[in-house]
Amino acid sequence: VYKRQTSTSGTASTIKDEKLTNPALLLPVEQFITQTLAGLDNFPAYYKHMGPRNLAGAGPIDLSELPRLSSQELLKVIASDTWVVDLRDKDIWAKGHLAGTINFGISGSFATYLGWLFPYEKEIVLISDQEQQISLAQRELVRIGIDRPKASFVGDVKTVGETMPTSLVQFQDVPAVLSDPKILVLDVRRNSEREASHIAGSSHIPLHELSDRMAELPKEKTVWVHCAGAYRASIAASLIQNAGFNTVLINEPYEKVFSVPELPLVTGS
């Protein structure tokens with residue numbers, strides 16, 4: 001018996017069962033490759049870093065406490081080229097955060113999306129009001145090859161300096177603004193998600209392309225941003241705010257659009 005993790009077959013199997021059911025063992029090589037690749041969209045950018053690391057083998061892991069920054073030190077780091085990541089939940093983050101920081105809530109798909117966007121040549125600092133979130137983030141980052149963040153800050157960000165809020169709305173608020181020339185509704189889901197269904201009249205830039213395509217957003221408009229569950233949208237909102245835009249977070253799962261009759265939807269295209 002060997003162990004595996006799948007979404008449909010549990011965590012254990014036998015060689016006999018796999019020979020009867022596993023497409024990798026049943027299909028000709030070229031057919032298996034074609035079918036597997038056909039189901040893929042974009043993949044996290046950190047994958048390119050993991051291959052060489054996996055071949056090289058795991059090195060020593062240091063999960064000891066990171067150096068703690070003072071308020072003044074944190075402000076200097078934010079003004080530098082370092083990535084300063086706010087680990088708090090998006091609802092808490094929206095009430096007040098430091099300009100120049102990026103929200104990757106530790107309670108969501110933290111490592112996946114941070115690894116997707118983070119430039120590995122840069123340094124990273126973690127901030128939170130809970131020490132345990134820093135420790136959890138360290139462990140998650142090690143798994144994607146970010147072995148040792150530069151430092152951390154633990155405390156109330158309001159004690160560091162002036163904070164800025166992000167307005168939260170729901171999809172029921174969207175129909176009234178779709179025709180507003182001063183508002184842009186931005187979808188940051190992947191292309192495959194957009195093709196399955198989207199709000200007619202909304203714009204689309206996948207999250208992983210946002211930093212490179214920020215110039216496409218009109219400066220004079222307030223950007224209302226959404227994704228599938230609001231996690232990626234909070235990341236996008238922080239990036240867009242840091243670029244100087246007024247931003248609103250649609251803080252609701254995308255499935256809620258189907259319960260708003262006034263929302264014009266495009267499906268299957």
Side-chain angles (χ1 to χ4, degrees), residues 66-119 122-138 140-141 146 149-170 173 183-184 186 188 205 207-208 210-211 214 217 219 221-227 229-252:
L66 297 172
R68 292 285 195 254
L69 299 178
S70 67
S71 296
Q72 290 304 311
E73 289 171 333
L74 177 58
L75 290 175
K76 290 180 180 179
V77 167
I78 292 173
S80 71
D81 197 35
T82 300
W83 261 44
V84 181
V85 173
D86 189 331
L87 300 171
R88 296 175 301 158
D89 181 81
K90 57 185 172 56
D91 296 87
I92 299 173
W93 167 84
K95 293 178 181 178
H97 48 274
L98 296 168
T101 63
I102 309 171
N103 180 230
F104 287 87
I106 193 64
S107 60
S109 299
F110 167 73
T112 296
Y113 289 110
L114 190 144
W116 204 320
L117 303 180
F118 178 62
K122 293 190 177 183
E123 292 184 314
I124 186 170
V125 166
L126 306 174
I127 66 174
S128 176
D129 55 358
Q130 299 179 42
E131 186 173 346
Q132 64 182 18
Q133 291 187 343
I134 303 290
S135 300
L136 180 56
Q138 285 181 253
E140 290 291 311
L141 291 175
I146 303 175
K150 178 180 179 179
S152 65
F153 173 85
V154 179
D156 186 348
V157 296
K158 292 180 180 179
T159 66
V160 176
E162 183 178 357
T163 59
M164 59 190 304
T166 297
S167 297
L168 301 179
V169 297
Q170 297 180 320
D173 303 308
I183 293 177
L184 176 75
L186 180 66
V188 296
I205 301 178
L207 175 62
H208 62 279
L210 182 59
S211 293
M214 199 71 71
L217 300 179
K219 280 285 188 180
K221 293 191 177 185
T222 296
V223 182
W224 286 37
V225 60
H226 84 84
C227 63
Y231 185 83
R232 285 172 288 175
S234 71
I235 300 170
S238 58
L239 292 170
I240 294 168
Q241 281 186 326
N242 290 343
F245 294 85
N246 293 322
T247 310
V248 172
L249 172 60
I250 303 175
N251 190 33
E252 208 172 37

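FYI, the numbering just counts along the sequence from 1. Atom set for the values below is all heavy atoms of this structure, side chains included, hydrogens, waters and symmetry mates excluded.
For Ser167, the side chain to side chain contact (heavy atoms under 4.5 Å, CB included) partners are Val248, not counting sequence neighbours. Annotation: side chain to side chain contact (heavy atoms under 4.5 Å, CB included) contacts of Ser152 (sequence neighbours excluded): Leu66, Arg68, Ile134. Applying the salt bridge (charged side-chain N to carboxylate O under 4.0 Å, His left out) criterion to Lys76, with sequence neighbours excluded, gives no partner residue. Annotation: ring pair (Phe, Tyr, Trp, His ring centres under 6.0 Å) contacts of Trp224 (sequence neighbours excluded): none. With sequence neighbours excluded, no residue satisfies salt bridge (charged side-chain N to carboxylate O under 4.0 Å, His left out) with Glu73. With sequence neighbours excluded, the residues forming a side chain to side chain contact (heavy atoms under 4.5 Å, CB included) with Asp89 are Asp91, Ile92, Ser107, listed by chain and number. Scored by the side-chain hydrogen bond (donor to acceptor under 3.5 Å, both in side chains) test, Thr247 finds no partners at all (sequence neighbours excluded). Legend: residues meeting salt bridge (charged side-chain N to carboxylate O under 4.0 Å, His left out) with Asp81, ordered by chain and number and at least two apart, are Lys122. With sequence neighbours left out, the side chain to side chain contact (heavy atoms under 4.5 Å, CB included) criterion links Ser238 to Trp93, Ile102, Asn103. With sequence neighbours left out, Glu140 forms a salt bridge (charged side-chain N to carboxylate O under 4.0 Å, His left out) with Arg143.
Sequence neighbours left out, not one pair with a member in residues 154-168 passes salt bridge (Lys or Arg N to Asp or Glu O under 4.0 Å). Applying the salt bridge (Lys or Arg N to Asp or Glu O under 4.0 Å) test to pairs two or more places apart or on separate chains, those with a residue in residues 232-248 are Glu193-Arg232.
Using bins of under 30°, 30° to 60° and over 60° for the plane-to-plane angle, the ring pair Tyr113/Tyr231 lands in the tilted bin.
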